[in-house]
**Q** 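Got a structure for you, questions after.
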Amino acid sequence: MKKRLFILLALTLLGVPVLAGCSANEDTSANNETSNKTGTLEFYANGQDFAREGFVAKDGWALDFDHVYVVLSGITGYQSDPPYNPKEGGEIQAQEKVGLEKTYTVDIAEGSSPSLVGKVESAPAGHYNAISWEMVKANKDPVKGNVIVFIGQAEKDGKTVDFNIKLDKEIKYSAGEYVGDERKGFVQEGKTANLEITFHLDHLFGDAEVAADDALNKKALGFEPFASIAENGKLNANMAGLKNKLSSEEAHKLNHIIPHLGHVGEGHCHAKEL
Amino acid sequence: MNKKLLVILFTLLFVLCFTFSAYAHGVNMSYQGNMSYTIKAEFDTGKPMSGAQIIIYAPDDPATPWKKGTCDENGQYVFVPDTSKEGTWLVQARKAGHGASINIEVGEDASLSGGTGYSAMQVIIMIACVVWGFVGTALFFKRRKN
């Protein structure tokens with residue numbers, strides 16, 4: 001009997017180190033519990049001050065936007081693991097994902113802050129560290145058949161151009177975490193977090209506040225090519241019209257720039273033409 | 001009795017040592033050989049992001065900057081993470097409206113704190129202990145009958 005008790009005691013002790021080893025997983029259990037918790041995830045579109053307040057393009061044209069319409073679809077937030085690397089591209093590997101089902105036409109020149117596109121209530125708690133969306137052709141006015149439309153006035157040396165520039169190149173953007181003053185996407189139970197789709201208009205028009213030989217301005221088209229094809233101070237052109245009127249080099253540059261308009265804050269995206 | 005006692009004690013000692021060895025490996029001793037991380041930030045053109053702002057987030061408080069700094073003229077920044085804060089660290093580099101971020105794993109592999117709950121080593125040890133318990137008990141009673 002004494003031997004049996006001793007053996008049982010020995011076998012019980014065998015489990016001690018295993019239990020000790022398992023103690024490291026207490027946090028995991030806690031994490032699993034949080035997966036049952038939900039909060040709200042909002043999606044914003046941001047044209048930055050470039051769109052809302054206007055700016056001076058690299059070639060000296062002062063741009064003021066009445067509207068900058070972007071057409072967004074398939075907006076999805078992901079809790080990705082491994083964290084998505086837009087440089088590598090590919091599909092986002094996600095444990096959780098939530099998204100907006102509709103297609104939205106958003107005026108990112110409106111107001112004084114980023115525009116709320118939509119929100120998902122009851123989004124599983126966790127860190128949404130990746131996002132994807134598509135920029136698609138609208139099927140109704142004011143931007144029917146286009147993915148992004150710039151409407152406004154440009155002014156330089158007393159000359160004025162009223163422009164309505166319509167682009168129709170459909171793009172799917174995939175991005176990792178927002179890069180900016182704060183991290184975004186931390187959904188906690190009963191609380192609201194947000195993700196942001198950011199458009200950098202300076203990639204298209206350049207920025208007079210940046211050095212002329214800066215890579216941004218070297219790659220940007222500027223506004224002069226658009227001004228040069230305006231007639232009687234007006235430019236109303238879609239992609240096909242622009243391709244006809246712009247030089248082949250300018251048209252090629254424009255075509256190359258469009259996929260680079262979408263960002264997440266200051267972070268770049270993987271862009272795929274649809 | 002003494003022989004049995006010695007065998008059991010030896011077995012216990014072996015399993016305990018094996019387990020603690022695995023534990024020591026679990027806190028990633030190899031990371032101690034590379035305690036500092038050199039971040040290099042550059043633009044697509046290859047031009048270094050000299051003077052870029054660096055913001056580092058630790059995994060225990062991922063929404064609050066753990067440390068801030070500035071890249072040198074070569075776009076480099078060196079930091080030493082607190083290895084007691086295991087998990088995914090995030091480092092952001094920003095300059096002139098453009099930036100990027102990278103994730104750095106510190107401590108045990110992220111899968112340890114991910115979905116399954118147990119590492120492969122822990123599962124092996126658990127199975128080995130259970131099997132040994134059954135086998136040892138069976139052998140003990142079988143020998144007693146003989």
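Quick note: numbers below take in every heavy atom, side chains included, and nothing from hydrogens, waters or symmetry partners. Chain identifiers are assigned alphabetically (A, B, ...) following the order of the sequence lines, protein sequences preceding nucleic acid strands; residue numbering begins at 1 within each chain. Just so you know, these numbers come straight off a predicted model, no measurement behind them.
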**Q** Mark yes when over 12 heavy atoms from residues, nucleotides or ligands other than K169(A) sit less than 6.0 Å from its NZ; otherwise mark no.
**A** yes
**Q** Out of H200(A), K184(A), E209(A), Q48(A), return the one with the most heavy atom pairs under 4.5 angstrom to chain B.
**A** H200(A)
**Q** Is it true that, when you exclude K97(A) itself, more than 12 heavy atoms of the residues, nucleotides or ligands shown sit nearer than 6.0 Å to its NZ?
**A**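 Check fails, neighbour count at 12 or below.
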**Q** So which atom in T45(B) and which in A215(A) form the shortest heavy-atom distance, rounded to 0.1 Å?
**A** CG2-CB, 3.9 Å
**Q** Using the side chain to side chain contact (heavy atoms under 4.5 Å, CB included) rule, pick out the option among P65(B), P62(B), S101(B) that qualifies with R183(A).
**A**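 Of the listed options, the one satisfying the test is P62(B).
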**Q** Among T64(B), L90(B), D44(B), which has the most heavy-atom pairs under 4.5 Å with chain A?
**A** L90(B)
**Q** Chain B: which of D214(A), L216(A), D181(A) shares the most heavy-atom pairs with it under 4.5 Å?
**A**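 The answer is D181(A).
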**Q** Please check if the number of heavy atoms outside Q53(B) that lie under 6.0 Å from its CD is greater than 12.
**A**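 Above 12, so yes.
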**Q** How far apart are the closest heavy atoms of H98(B) and D202(A), and which atoms are they?
**A** NE2-OD2, 4.4 Å
**Q** Measure Y178(A) against the heavy atoms of chain B and call it side chain, backbone, both or neither at under 4.5 Å.
**A** backbone
**Q** As an exercise, state the distance from CD of E177(A) to OH of Y57(B), rounded to the nearest 0.5 Å.
**A** 8.5 Å
**Q** How many angstroms lie between CG in N103(B) and CG in N85(A), if you round to the nearest 0.5 Å?
**A**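 Interatomic distance, N103(B) CG to N85(A) CG, rounded to 0.5 Å: 9.0 Å.
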**Q** So, the side chain of R94(B) versus the backbone of E266(A): is there a donor-acceptor pair under 3.5 Å, distance only?
**A**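 Checking the backbone N and O of E266(A) against the side chain of R94(B), no donor-acceptor pair under 3.5 Å is found.
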**Q** Given heavy-atom pairs under 4.5 angstrom as the criterion, report whether the side chain, backbone, both or neither of A63(B) touches chain A.
**A**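 Looking at A63(B), backbone and side chain both touch chain A.
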